[in-house]
2 protein chains.
Amino acid sequence: MFVPMDDVEIFKALGNKNRLQILTWLKDPEQHFIDYMPACGDIDVGVCVGHIHKKSGLTQSTISEYLSVLHRVGLVSATRIGQWTYYKRNEETIARLGNLMNTL
Amino acid sequence: MFVPMDDVEIFKALGNKNRLQILTWLKDPEQHFIDYMPACGDIDVGVCVGHIHKKSGLTQSTISEYLSVLHRVGLVSATRIGQWTYYKRNEETIARLGNLMNTL
DNA sequence: AACATACATCGATAATTCCCGATATACCTA
DNA sequence: TAGGTATATCGGGAATTATCGATGTATGTT
């Protein structure tokens with residue numbers, strides 16, 4: 001097989017406008033989340049579920065599920081700190097997918 | 001919007017293992033289609049539906065539909081010659097998508 | 001312990017997608 | 001024109017996805 005089956009799942013994850021939107025928001029948190037604040041000192045762990053939820057207009061459960069989908073296929077990382085879970089783009093996966101398109 | 005809505009449709013098209021497989025087959029027709037023969041002299045127009053159908057194990061109608069999906073989102077070109085329709089990868093779209101991943 | 005907050009999971013319904021068989025359409029040949 | 005071949009389209013059942021409200025679980029506060 002030329003394209004690992006996993007890549008199909010990544011494309012499925014990207015084939016939803018809300019999930020794709022979330023991924024673009026996470027590209028530039030300062031711009032997209034008014035009350036965004038780096039959570040962990042100098043280490044940037046991303047944006048917490050609640051912020052994304054409030055911006056999205058979808059329900060909390062849907063956003064939680066979508067973030068878990070993005071996480072499962074490796075498009076974002078997840079960091080639990082206290083009662084918050086912070087999600088952050090996984091640029092390696094995204095870049096790898098960009099390269100994959102060239103060799104696909 | 002940062003990502004054009006159309007790109008979501010492209011990701012949906014790629015989010016199916018059979019369609020993704022077809023796209024990889026079309027990358028190298030000589031290798032994947034035993035009885036492949038350039039149809040149009042020196043201009044390569046791609047592979048006809050029947051060849052893809054026979055290799056796929058899916059029904060003719062399904063393959064025709066899948067090729068039409070890939071065509072609608074711009075991932076392949078379609079050239080009708082006589083009673084055959086030849087499909088060929090649209091490398092521009094694929095390359096553009098690769099670049100998009102970097103700016104996504 | 002009791003309660004509040006943040007997130008995840010469950011259960012359900014509507015919408016979409018997958019893939020099929022049947023049929024229609026286009027083209028070619030005799 | 002009649003018949004054959006290649007592809008496209010239609011209609012549908014099963015499977016998957018989208019999205020919700022309700023509930024569960026972990027953590028923090030008093």
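Residue numbers start from 1 in every chain, and the chains themselves are labelled A, B, ... in the order their sequence lines are given, proteins ahead of strands. For the numbers below, each heavy atom of this structure counts, side chains included, while hydrogens, waters and symmetry mates do not. All of these numbers come straight from a predicted model, not from anything done at the bench.
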*Can you name the closest pair of heavy atoms from B:R96 and B:D7 and give their distance?*
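That would be NH2-OD1, 2.9 Å.
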Rounding to a whole Å, what distance do you find between [X]:[atom1] and [N]:[atom2]?
X	N	atom1	atom2	answer
B:I81	D:dT5	CD1	C1'	17 Å
A:K12	D:dA15	NZ	P	15 Å
B:L70	D:dA8	CG	P	12 Å
B:Y86	D:dA8	OH	C1'	16 Å
A:Q21	D:dA18	CD	P	15 Å
B:Q83	D:dA8	CD	P	12 Å
B:L67	D:dT9	CG	P	12 Å

*Looking at DNA chain D, which of residues 48-64 of chain A put a heavy atom within less than 4.0 Å of it?*
A:L58, A:T59, A:S61, A:T62
*side chain to side chain contact (heavy atoms under 4.5 Å, CB included) between A:D44 and A:K88: does it pass, once the steps are laid out?*
CA-CA 8 Å; A:D44 175 26; A:K88 178 169 152 33; 4.3 Å; yes
*Going from NZ on B:K17 to CD1 on B:I22, what distance comes out if it is rounded to the nearest 0.5 angstrom?*
11.0 Å
*Report the distance from atom SG of A:C48 to atom CD of A:Q83, rounding to the nearest 0.5 Å.*
10.5 Å
Quick one: is [N] close enough that its OP1 or OP2 comes under 4.0 Å of any side-chain N or O from [X]?
X	N	answer
B:T85	D:dA8	yes
A:Y66	D:dT17	no
A:N18	D:dA18	no

*On DNA chain D, nearest-nucleotide positions of A:R19 versus A:R80: which is more 5'?*
A:R19
*Reading DNA chain C 5' to 3', which nucleotide is the first, and which the last, to come under 4.0 Å of any heavy atom in chain B?*
C:dT17 to C:dC28
*Within a strict 4.5 Å, meaning less than it, do heavy atoms of the A:L58 and A:Y66 side chains meet?*
yes
*Do A:V73 and A:T93 have side chains that get closer than 4.5 Å, going by heavy atoms?*
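Answer no - side chains too far apart.
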*Going through the distances and angles, do B:E65 and B:T62 end up as a side chain to side chain contact (heavy atoms under 4.5 Å, CB included)?*
CA-CA 5 Å; B:E65 165 70 8; B:T62 297; 5.6 Å; no
*Given side chain to side chain contact (heavy atoms under 4.5 Å, CB included), test A:L14 with B:M101 step by step and report yes or no.*
CA-CA 11 Å; A:L14 293 171; B:M101 295 308 300; 4.2 Å; yes
*Are B:V69 and B:L67 connected in a single hydrophobic cluster, I mean Ile/Leu/Val/Met/Phe/Trp/Tyr linked by side-chain heavy atoms less than 4.5 Å apart?*
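Not linked; separate clusters.
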